[in-house]
**Q** 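Here it is: the structure, laid out below.
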Amino acid sequence: MVKILITLIPLFPLFGFLFLGAGFRSLPRRIVSVTGPGTILASFLLTLILFFDFQRNGIPQIHLIFNWLTVGPLVIGFEFLTDPLSLLMMLVVTGVGFLIHWYSVGYMKDDPGYNRFFAYMNLFVFFMLLLVMGANYLIMFIGWEGVGLCSYLLIGFWFRNQDYNNAAKKAFIMNRIGDLGFLLGMFLLFTTFGSLNFREIFEKATPMEAGEPVMVAITLLLFIGAVGKSAQIPLYTWLPDAMAGPTPVSALIHAATMVTAGVYMVARSNILYVLSPVTQIVMGSVALATAIFAASIALFQNDIKKILAYSTISQLGYMFAALSVGAFTGAMFHLTTHAFFKALLFLGAGSVIHALGGEHNIRKMGGLRKKMPATWWTFLIATLAISGIPPLSGFFSKDEILIHALDHSAWMWFILFIGALMTAFYMFRLLWLTFFGAFRGTDDQHHHLHESPGVMTVPLILLAFLTAVGGFMNIPGIFGGNSLLAQFLAPVFAGSKYHPMPVTRISHTTEWMIIGITLAAVIAVIAWSYHHFVKREKGFLPDQAHRNFLVNLISQKYYVDELYELIIVKPLLWLSTILHRIIEVGFIDRIINSFGNLVVRTGNTLRYIQTGNVGFYMFIMILGIILMLFLNILI
Amino acid sequence: MTAIPIDYYLIFCSILFCTGVIGVLIKRNALVILMSIELMINSINLLLAAFAAYTNDPAGQIFVFFIMVVAAAEVAIGLAIIVLIYRTTHSIDIHVLNKLKW
Amino acid sequence: MLTLVIILVPLVLSLAVFGARTEKNVRMLALAGSLVEFGVVVAAFIQFKTSCHCNLLFNAEWFSMTMFSLRLGLDGISLLLVAMTAFLVPLIILSTFSHHYENPQAFYSLIFLMEMALTGVFSAYDGLIFYIFWELALIPAWFICALWGGTDRIRITFKFFVYTFTGSLFMLLALIWLFLKTPEPHSFSFGALTRAMLSPAEQSWIFAAFFLAFAIKIPVFPFHTWQPDTYTESPPAGSMLLAGIMLKMGIFGMIRWMLPLTPLAMQQWAPVVLILAVTGIVYASVIAIRQSDLKRLVAYSSIAHVGLIAAGVFAFSQQAMQGAIIQMVSHGINVVGLFIILDIIERRTGTRVVGELGGLANRVPLLAAFFMIILLGSIALPLTNGFVGEFLLLIGIFGTHPVMAAIAGLTIIFGAVYMLWMYQRTMLGPEQVSYSEIRDLTPAELAALIPIVVMIFWIGIFPSFFLDTALPDVIRLLQYLR
C-alpha cells in the first residue's frame, strides 16, 4: 500500500506536466487552473496519508520501483525512501507548492504562457519530489539536476527578454558547476563504499574514524554541489538574477524548495559530515560569510524581490551554519519555517507588484497598507517572523540555531546575532517603505491600486497561519515544549556520532539571557528603523546623490558580478578564440595541411623531369640500366 | 691458325657498343639513331657468336638468330614510325617531338 | 543467415532506387526500404535477446579464398550499433524529404551503400572483411559530400578522404602483419588473429597503427581537424551519417579489435591516450563556445563527446566500457537529432550563423520544444540517454584516474555553456520581423524527431534493457586484459 502511495506521489505532478505540456496551446484555461494546482494537491494529500501512516507504525523503508542499471558492482535502483526527513521535505514541497500553485492561478491569469507555466511548475515539483524521496544519491542527483532545469525554464519564462534568458543561463551554469562537485563526490562515494545507496553507505560509514581524508574529500565535494544549488559564496550570484522569473517561481524555487536542496542533502548525509570536522569548519566559515555578506547587500537594495533574494541567501547561510555545528534538526526546522515565511514574503511581494502593474522598486511604493489589507497583514506577520519575534515560527527556529552556535563558539553566535539584527533592519525597511508613508508611484498606479483577488490572498492567509503557528512544532524544553520535530527527526540523525544534542554547555539562565538580549536588540532595531523610515521619511538617496565608498561598494553588490565577468567569463571567451585561431587553425591544421602541401610541392618539382625531350628520356633510360647493372654487381 | 683471343672480341664489341650508345644519345637525326641502335645490336650479335665459338656452345649462335629477327622487326616498325612522323612534321629531328612535357 | 540479410538488404536497395523515376517515388521507396531494413534488424535483436545471447554468426565458406572468408556475426555490442544504424537511417531519409536534390536516385543509393558498409564493419568477424567494409564506407561519404555539399566541398572532402585513408592504410599494414603472424594456416579471421602471439614490442607497433586509423576516424585530438570542416560542408544527411554512425566505427574498432589483439599495448599506452582524449574534451568544448556557425558548433561538441567515450574505452573498467557503448548509441541519436533541428532551422531561415538568428521560439514553439529536449540529452541531463553514458563513463574513469575524470567532468559545465548559448541565440529573444511566414514542423519532420525523443527517454529512464544486451560481451572482452 505504501509502495503504491509513494509511487503515485511524484507521478501526479509528472502526469500534470505531460498533460499540460502536450496541450500547451490547446487546453482551455479552466482545465489548466484545476489541473495545475490539482495534481500538487493530490500529492500533498497522499503525502499526508503517508505521514500519518508513518506516525503510527514508522519504520524507515526503501521501496524499489525498478532496477535502473546494473554494471558489475554498480547496482542502482529507482528506489524511494520513507523516513522522517524525506516525509518532512515532501510535506513542505507539496504543501507550500500547492499554495503557490493556487496563488499562481491568479497571478499568471493574464499571461499568454499560462499553460506552459503550470506545466513547468508541475515538472519542478516532480523533480523536487524525486530529490527528497530518493533512496540513493543517484535518484537525488536526478532530482537535483532536474530542478536546475526547471529553474532554467522558469527563470527564462518570459523568453522574449534576453536579460531574463541570460539570468536563466547563468543560474543553470552555476548550478552545473556545483553539480560537477556533487558528481565527483558520488564517484568517490562509490569507489569507497561500493554503493550509492543511503542505507548501505551510512551503515558502512558509521564505524569509521573521524577525519579520514577520503571522508573529507567526499563531504567537501558534495558540499560544493550544495554551494551551487543553495547559493552560498562563491556560487550565489545567480539567485538575485533569478528574480527575473515570475514571482511564484521565486517563491517556490528560489525560496522554499530548490535552494534548500543543499541543506537537505547535508542533513541526509549527516553521518558523513560528522565524520569530517574539516568540512564542517569549511561549511561553517562559508555559511557565516554568506549570512553576513548577503545581509549587508540586502540593506541597500531597492528592488523588492532582490531584497528578498539576498535575504534568502543569508537565511540559507544560517541553515548551513546550523548544519556545520551538528544542529541538524535546527537546520531542518529553520528550513521549514523559512519555507513558510519566505514563500509568504515573495507571494506578498507578488501581490504588491501585481497591484502596481509590474513595479519592483520600493522607492516607488508607499502607503499600500490601507488599500491592500490582506497583503499588508500577512506581510507583517512574515516580516515579524523572519526578524525573530516570538511567538512566530521564525523566533523558535532562529533561536535554536543561535543557541547551538553559541554552544559551539561565541564568535559564531556573535556573527549570526549581527546578521539577525541586519535581517530585522532590512526587512522592516522593506515593510515601512512599501506599506507606510505616502504613495510615491504614478497617479495611474494609485488609481488602479486594489487588493488582490481571493485566489491570491487565501494562500497568503494560509501561509501566514503556518508562519504563526509553525514554531510550535519544535518548542524547546526551555519553554516547556517537547521538541516534537527533534523527536520526529531523531532517528535520522541518530547514527551520527555527534548527536544534535540539546545545548550542554549553556545553562538555562544563560539561554534566557541570550534570548532576552537578542529580542531586545531586534526590537530596538525595528523601532529605530520605524523612526528612520517612517517618521523621518528617510531611507533612500536619490540616484545622483554622492555615496561614500562603503555604501557605494555594498549597493553595487561588492562588484562581485563584475569580478566574475572579469576573471572567468572574459578569459574563457578569450581562450576560446585563442584556441581556435592559433592552435586549431594556425598550428594543428597547418601541420596537417603541410603534409598535403609537401606532396604538392614535391610533385611540382618532380614534374620538370617530364621534359618531353626524347633524347633526354633515352639518356635517363641508359643511366638507369647502367645503375641497375652496377647495383646488381654490388649486391 | 691461332684463334683470336676472346679479349679482342670483347674490347672490339664494347667499343662498337659504346659508339652505338653515344650515337643514340648525341645524334638528332632519327635515322642515325636507328642506325646506332642497329650498331649496338650487331655488336652484341658479334659478341654472342664469338662466345659461342669460344665455349663451343651453340646456344649463343641460336640466340643471334633470335636477335636478328627482333632487330628486323624493330627496324621495320621504327622506319614506319619515322615515315609517319616525317609526314606530319616534315622533319626527322627528334628535338621537334617534345609535346609530351609537363 | 539473418546477419547476411542485414547486409544485403541495403545493397539491394541501393540498386533498387534507380528503378524509381520521380523524386517522390524515390523518396518513398528509400523510406520503405530503410524501414524494411530496420524491421530485419529488430527481428535479429529479438532473436538475440530471446535466445542464449549467442552471437548471430554467419560463416560463408563458399566465398572464401585461401586467406579469408565472409565471416559475419553480431554480438551484443555490434547488435546495439547495427540497431542504431538501422534506426537512424530512416530518420535521416525522412529529414531529406524537404530538400530537393539533383539526381535523387544516386543520393539515396549512396546512403544505402553507406548503410551496408557501416553494418558490415560492425558485423565483420574477419580482419580483411572489416577493413574492406571500413574503406567501403568512405566511398559513398566522398560522393555525398562532394556532389551535394557546400561551397568549399571539393577541397574539404578531399582532405577528409586522404586523411582518413592514410590512417586506414596503416591499419591495413598492421592487419597484414598480424595475418602473417597467425599460426599456420594463415587466416584473417577474428579467432585466428587473436591467437597470433605477439611480443609486447610488436604489440606496440600494431597498436600504434590501429590507433592512428581509429584516432583519425573518431576523431581524437589532435587528429580531429578534418572534422569541423567536413561536417560543415557536407549536406545535412551526410553530416548525420558521418557524425551519427561513421565515427562510431572507430570506437567500435577500439573495443572489438584493438582490445583483443593488443591488450598489453593498450594498457601500456592508456595514460597517453587518456591525456589526449581528455585534452580533446576540454579543448573542443572551449572552442565550441565561440563558434558562430551552428553546424561547426555541433561538430566541436561532437569531438568533446567522443573524446569522453574514447577516454572511457581506455579506462578498462566494466562501467567505463558499458558507458562507452551506451554513449555511442546515445551520441548517435542525439547528434542526428541536433543536425535535423539545425537543418530545419537553416531551411526555414536561410542561415546557420548565430548572429543572424533569434527568437524562433515565438514562431515555432514545437521546434523549440524538440530542440530543447535533444539539447538536454546532449548536455546529459538525468533521465536522458546522454546522462546514462556520461555517468557510467565518468564513474568508470574515476575508478582508476580520478583527476582525469574530474577534468573530463568539465564537459558538463562547458557543454551547458555553449549549448544553452546556442539555444538562446537561435530560439529565444525577441521575434525577428522576417519570420512571419515560418511554419511549424511538418509531418515528415515530426516523424523524424519523435522517434529520437522517444529513444532519448527510453535509454535515459530504462537503460538496463540496452546495457544488459552488451554486458556479457563486455565482460568477455575485458578478460582479454588478463
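No experiment lies behind these values; they were computed from the predicted model shown. We name chains A, B, ... by the order of the sequence lines, and we start the count at 1 in each one.
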**Q** Roughly how far, to the nearest 0.5 Å, is OG1 of C:Thr230 from CD1 of C:Ile156?
**A** 6.5 Å

**Q** Check C:Leu376, C:Ile374, C:Leu375 against C:Met419 for a side chain to side chain contact (heavy atoms under 4.5 Å, CB included) and give me the one that passes.
**A** C:Leu375

**Q** Could you tell me which portion of A:Ile583 (side chain, backbone, both or neither) has an atom closer than 4.5 angstrom to a non-hydrogen atom of chain C?
**A** both

**Q** Do A:Lys169 and A:Asp241 sit within salt-bridge range, that is, some charged N less than 4.0 Å from a carboxylate O?
**A** no

**Q** Quiz question: by atom type and distance under 3.5 Å, do the side chains of C:Asn385 and C:Trp458 form a donor-acceptor pair?
**A** no

**Q** Between C:Thr166, C:Asn362, C:Ile289, who has the most heavy-atom pairs with chain A when the cutoff is under 4.5 Å?
**A** C:Asn362

**Q** Under a 3.5 Å threshold, yes or no: a donor from one side chain and an acceptor from the other, between C:Gln424 and A:Asn166?
**A** yes

**Q** Checking A:Leu221 against chain C: side chain, backbone, both or neither under 4.5 Å from a heavy atom?
**A** neither

**Q** What part of A:Leu183 gets within 4.5 angstrom of chain C, counting heavy atoms only: side chain, backbone, both, or neither?
**A** side chain

**Q** What part of A:Tyr164 lies closer than 4.5 angstrom to a heavy atom of chain C: side chain, backbone, both or neither?
**A** neither

**Q** Given a strict heavy-atom distance threshold of 4.5 Å, which part of C:Leu392 is in contact with chain A: side chain, backbone, both, or neither?
**A** side chain

**Q** Which atoms of A:Phe127 come close to chain C, meaning under 4.5 Å heavy atom to heavy atom: side chain ones, backbone ones, both, or neither?
**A** side chain

**Q** Sort C:Phe158 into side chain, backbone, both or neither according to what part of it lies under 4.5 angstrom from a heavy atom of chain A.
**A** neither

**Q** Does the plane of the ring in C:Phe165 sit parallel, tilted or perpendicular to the ring in C:Phe161? Use 30° and 60° as the thresholds.
**A** parallel

**Q** Using heavy-atom distances under 4.5 Å, tell me whether C:Phe223 contacts chain A through its side chain, its backbone, both, or neither.
**A** neither

**Q** Heavy-atom pairs under 4.5 Å with chain A are the metric here; pick the option from C:Leu394, C:Val417, C:Leu467, C:Leu471 that has the most.
**A** C:Leu394

**Q** Against chain A, label C:Trp226 side chain, backbone, both or neither, depending on which of its atoms sit under 4.5 Å from a heavy atom there.
**A** neither

**Q** Of the backbone (N, CA, C, O) and the side chain (C-beta and beyond), which part of C:Gln322 lies under 4.5 Å from a heavy atom of chain A, both, or neither?
**A** side chain

**Q** Considering all heavy atoms of both residues, which atom of A:Met174 and which atom of A:Pro234 are nearest to each other, and what is their separation?
**A** CE-O, 4.4 Å

**Q** Which atoms of A:Asp163 are under 4.5 Å from chain C, going by heavy atoms: the side chain, the backbone, both sets, or neither?
**A** neither

**Q** Any salt bridge linking C:Lys295 with C:Glu233? Criterion: basic side-chain nitrogen under 4.0 Å from a carboxylate oxygen.
**A** no

**Q** Would A:Arg116 pass as a cation-pi partner of A:Phe157, given that its NZ or CZ must be under 6.0 Å from the six-membered ring centre and within 45 degrees of the axis?
**A** yes

**Q** What part of A:Leu189 gets within 4.5 angstrom of chain C, counting heavy atoms only: side chain, backbone, both, or neither?
**A** neither

**Q** Is chain C contacted by the side chain of A:Thr577, its backbone, both, or neither, given a heavy-atom distance below 4.5 Å?
**A** both

**Q** If every non-hydrogen atom of C:Ile287 is compared with every non-hydrogen atom of A:Ser576, which pair is closest and at what distance?
**A** O-OG, 3.4 Å

**Q** Report the option among C:Ser464, C:Ala416, C:Gly429 that has the most heavy-atom pairs separated by less than 4.5 Å from atoms of chain A.
**A** C:Gly429

**Q** Given heavy-atom pairs under 4.5 angstrom as the criterion, report whether the side chain, backbone, both or neither of C:Met372 touches chain A.
**A** side chain

**Q** Counting heavy-atom pairs under 4.5 Å to chain A, which of C:Phe398, C:Tyr163, C:Phe387 comes out on top?
**A** C:Phe398

**Q** Determine whether the side chains of A:Asn175 and A:Glu145 contain a donor N or O and an acceptor N or O closer than 3.5 Å.
**A** no

**Q** At a 4.5 Å cut-off on heavy atoms, which part of A:Asp589 comes close to chain C: side chain, backbone, both, or neither?
**A** both

**Q** Using the ring of each side chain (for Trp, its six-membered ring), is C:His224 parallel, tilted or perpendicular to C:Phe221, with breaks at 30° and 60°?
**A** parallel

**Q** Taking side chain as everything from C-beta outward and backbone as N, CA, C, O, which of these in C:Tyr283 sits under 4.5 Å from a heavy atom of chain A? Side chain, backbone, both or neither.
**A** both

**Q** Considering only heavy atoms, which portion of C:Ile412 lies under 4.5 Å from any heavy atom of chain A: side chain, backbone, both, or neither?
**A** both

**Q** Would C:Asp229 and C:Arg155 pass as an ion pair if we require N to O under 4.0 Å?
**A** no

**Q** Identify which part of A:Leu188 has an atom lying under 4.5 Å from any heavy atom of chain C, answering side chain, backbone, both or neither.
**A** both

**Q** Please flag which part of A:Ile177 lies under 4.5 Å from any non-hydrogen atom of chain C: side chain, backbone, both or neither.
**A** both

**Q** Taking ring-ring contact (aromatic ring centres under 6.0 Å, His included) as the criterion, tell me which of A:Tyr137, A:Trp68, A:Phe187 meets it with C:Phe391.
**A** A:Phe187

